[in-house]
Amino acid sequence: MSAPLIDAYSEVVGPEVINQIKQLARHLQSLKVVHVNSTREGGGVAEILDRLLPLMNELGIESRWELIMGTPEFYQTTKAFHNGLQGTAVNLSLSRLRVYEEINRQNAERLHDKLAQADVVFIHDPQPARFIHEVPDRKGKWVWRCHIDASRPHRPVWKYLRETVQHYDASIFSLAAFAQPLPHPQFLIPPSIDPLSDKNRELTGAEVAGVCEKFQLDPCRPILVQVSRFDRFKDPLGVIAAYRMVRSQMPVQLVLAGGTATDDPEGAEVLAEVQAAVEDDPDIHILLLPANAHLTINALQRAATLVIQKSLKEGFGLTVTEGLWKGKPVIGGNAGGITLQVVNYHTGFLVHSPEGAAFRIRYLLNHPEMIEQMGLKARNFVREHFLLTRHLREYLTLMTALIHGDGDRIMLR
């Protein structure tokens with residue numbers, strides 16, 4: 001009989017953490033839990049759920065993962081919600097809102113029995129938020145989990161969404177700065193990475209070298225890597241501008257690697273803009289990767305001299321976490337959850353512009369001893385704060401609070 005999945009993490013985080021998780025789970029045996037989001041591939045939410053739910057099931061918590069499925073117009077509307085929550089002025093017509101509401105109604109009807117009978121339901125982001133209106137006979141606690149930087153939302157968008165999410169029993173945000181006034185308990189749970197997944201496990205030197213050879217990367221010259229969806233808020237054009245400033249003074253290579261998500265209709269348009277900006281530069285590598293290219297991403301981050309994540313807005317930025325875990329300093333945009341992870345002069349540098357990014361990149365490339373020192377701090381920082389076991393423990397704690405009434409002790413007021 002194979003050992004439990006959860007026990008494999010003791011070598012990374014220590015047996016005490018695993019014992020604590022098991023003790024928390026004993027109070028939640030046979031609990032029925034449902035998570036609902038908009039895609040099973042592409043993006044951090046899907047990756048987290050893919051790794052989190054098997055552990056919850058192993059611990060005796062009956063956990064399901066369901067999807068809301070919609071039309072192109074539905075996803076265009078929810079992308080507008082996403083942009084609006086991040087502060088962009090968007091115009092949501094009444095007809096688009098009616099489409100959004102109808103798709104929610106249809107999906108909630110399809111999933112009704114599973115949702116109504118669940119003890120805890122986690123609804124992720126705006127896409128399925130209106131499910132709560134469509135299941136009036138629900139018996140359990142419902143939690144809205146916002147993964148987006150909602151610190152300064154476009155007010156009409158937030159006003160519309162607030163009319164819905166205020167009816168939840170609780171909400172979760174990644175940072176205190178993201179939370180908005182709501183009439184229920186709010187919890188802070190930053191996302192996490194799984195250190196044992198293909199994207200983050202240790203690789204051999206041959207595996208890393210093989211990926212470099214495949215994409216014609218020269219291991220003898222510094223490699224800058226940004227991994228992210230092709231999204232304007234990830235500022236890929238700003239990364240290219242910073243690279244060109246560095247390239248004018250020293251030989252470097254740039255990799256922009258990412259994919260598309262089924263719920264992001266703007267990805268192809270942004271990718272085309274990035275490809276046009278490359279201008280046939282052989283040292284800029286634009287890689288459109290499939291959703292399951294986890295080992296490739298792992299190898300690219302390990303091959304990187306520096307990891308970049310120059311986001312203009314960022315809910316959290318798990319690619320930052322991944323880079324730090326591989327012992328790489330990160331040059332990150334001063335936005336959202338990146339600020340929780342990149343500590344200036346310790347785990348990397350926060351920047352506000354392409355010029356700032358170029359300045360910090362040149363500084364580190366000229367001080368290789370700093371790269372090594374910061375890389376060690378980076379890995380330890382992730383071990384302490386942003387691994388899946390911490391995430392699991394906090395979900396178990398939250399469910400205990402909701403089911404057993406201890407929420408006042410641990411919630412955000």
Side-chain angles (χ1 to χ4, degrees), residues 3-25 28 35 43-59 61 63 65 122 124 145 147 172-176 187-203 227-228 294-295 297-299 301-302 304 307 309 314-330 332 336-343 346-348 374-400 410:
L5 289 173
I6 191 67
D7 288 345
Y9 293 87
S10 63
E11 294 184 9
V12 181
V13 298
E16 297 83 2
V17 172
I18 304 307
N19 289 336
Q20 185 183 37
I21 288 172
K22 291 179 178 179
Q23 290 173 19
L24 284 167
L28 301 170
H35 289 262
V45 179
E47 289 185 18
I48 291 169
L49 293 178
D50 186 55
R51 306 297 294 188
L52 190 67
L53 266 64
L55 294 176
M56 295 179 73
N57 279 303
E58 182 183 82
L59 291 166
I61 301 164
S63 303
W65 179 6
F122 292 95
H124 294 264
R145 201 320 178 194
H147 297 270
I172 303 172
F173 294 88
S174 298
L175 282 75
F187 297 83
L188 300 181
I189 302 181
S192 64
I193 62 168
D194 184 348
L196 304 184
S197 69
D198 281 346
K199 188 179 276 190
N200 296 298
R201 68 171 174 83
E202 296 298 320
L203 298 181
V227 177
S228 63
H294 302 311
L295 284 171
I297 291 172
N298 189 345
Q301 290 167 332
R302 293 184 185 278
V307 168
Q309 190 57 60
E314 188 64 72
F316 188 71
L318 284 176
T319 56
V320 173
T321 326
E322 294 160 8
L324 297 174
W325 180 243
K326 278 99 177 180
K328 310 294 180 176
V330 174
I338 297 177
T339 64
L340 275 186
Q341 304 180 71
V342 176
V343 183
H346 292 279
T347 64
M374 294 169 84
L376 290 172
K377 290 182 181 179
R379 183 173 172 87
N380 288 331
F381 192 66
V382 173
R383 190 194 311 278
E384 292 174 11
H385 299 288
F386 302 121
L387 294 184
L388 187 68
T389 44
R390 186 274 307 158
H391 202 163
L392 174 61
R393 184 181 64 215
E394 291 181 353
Y395 262 80
L396 298 178
T397 303
L398 181 152
M399 289 189 288
T400 300
I410 59 175

Q. What are the two closest non-hydrogen atoms of L49 and W65, and how far apart are they?
A. CD1-NE1, 3.6 Å

Q. Can you tell if the side chain of H385 reaches within under 4.5 Å of the side chain of L340, non-hydrogen atoms only?
A. no

Q. Partners of R383 by side chain to side chain donor-acceptor pair (under 3.5 Å), sequence neighbours excluded?
A. none

Q: With sequence neighbours left out, write down each residue that passes side chain to side chain donor-acceptor pair (under 3.5 Å) with K377, or none if nothing qualifies.
A: H346

Q) How long is the gap from CZ on F316 to CD1 on I193, to the nearest 0.5 Å? A) 9.5 Å

Q | Chi angles and distances behind the side-chain hydrogen bond (donor to acceptor under 3.5 Å, both in side chains) call for T321, Q341 | A | CA-CA 7 Å; T321 326; Q341 304 180 71; 2.6 Å; yes

Q.
Checking T389 against V12 for the side-chain contact (heavy atoms from CB on, under 4.5 Å) test, could you report, in this order, the C-alpha distance in whole Å, the side-chain angles of both residues, the deciding distance, and whether it holds?
A. CA-CA 10 Å; T389 44; V12 181; over 6 Å; no

Q) Just wondering, do R51 and K199 contact through their side chains at under 4.5 Å, heavy atoms? A) no

Q. Is R302 salt-bridged to E202, going by a charged N under 4.0 Å from an acidic O?
A. yes

Q: Compare every heavy atom of G336 with every heavy atom of L175, then report the nearest pair and how far apart it is.
A: CD2-O, 3.7 Å

Q.
Using modelled atom types and a 3.5 Å cut-off, is there a donor and acceptor pairing between side-chain atoms of R390 and backbone atoms of P190?
A. yes

Q) Nearest 0.5 Å, what's the CD1-CG distance between I48 and L53? A) 11.5 Å

**Q.** Stepwise side-chain contact (heavy atoms from CB on, under 4.5 Å) test for Q301 and K328
**A.** CA-CA 8 Å; Q301 290 167 332; K328 310 294 180 176; 5.8 Å; no

Q: For residues I18 and D7, determine if any side-chain heavy atom of one lies less than 4.5 Å from a side-chain heavy atom of the other.
A: yes

Q: Enter the distance from D194:CG to H294:NE2 here, rounded to the nearest 0.5 Å.
A: 10.5 Å

(Q) If I compare all heavy atoms of L59 with all of A25, which pair ends up nearest, and what's the gap? (A) CB-CB, 3.8 Å

Q. How long is the gap from CG on L396 to NZ on K22, to the nearest 0.5 Å?
A. 13.0 Å

Q.
Could you tell me if the side chain of V330 sits less than 4.5 Å from the side chain of T347, heavy atoms only?
A. no

Q) Should the pair R201-E11 be classified as a salt bridge under the 4.0 Å nitrogen-to-oxygen rule? A) no

Q | Residues which pass ring-ring contact (aromatic ring centres under 6.0 Å, His included) with F122, listed by chain and number, not counting sequence neighbours | A | H35, Y395

Q | Exam field: side chain R379 to backbone W325, donor-acceptor pair closer than 3.5 Å | A | yes

Q.
If you compare all heavy atoms of L295 against all heavy atoms of D198, which two are closest, and at what distance to 0.1 Å?
A. CD2-O, 3.5 Å

Q: Check whether any side-chain heavy atom of Y9 sits under 4.5 Å from a side-chain heavy atom of I21, and report yes or no.
A: no

Q | Spacing of CG belonging to L28 relative to OG1 belonging to T400, to within rounding of 0.5 Å | A | 4.0 Å

Q) Under the side-chain contact (heavy atoms from CB on, under 4.5 Å) criterion, do S174 and R145 qualify, and how do the steps go? A) CA-CA 9 Å; S174 298; R145 201 320 178 194; 3.1 Å; yes

(Q) I need the I297 CD1 to E322 CD distance, nearest 0.5 Å. (A) 7.0 Å

Q | Under 3.5 Å donor-acceptor, E58 side chain and L5 backbone | A | yes

Q: For the pair V320 and V307, evaluate side-chain contact (heavy atoms from CB on, under 4.5 Å) and give the outcome as yes or no after the intermediate values.
A: CA-CA 8 Å; V320 173; V307 168; over 6 Å; no

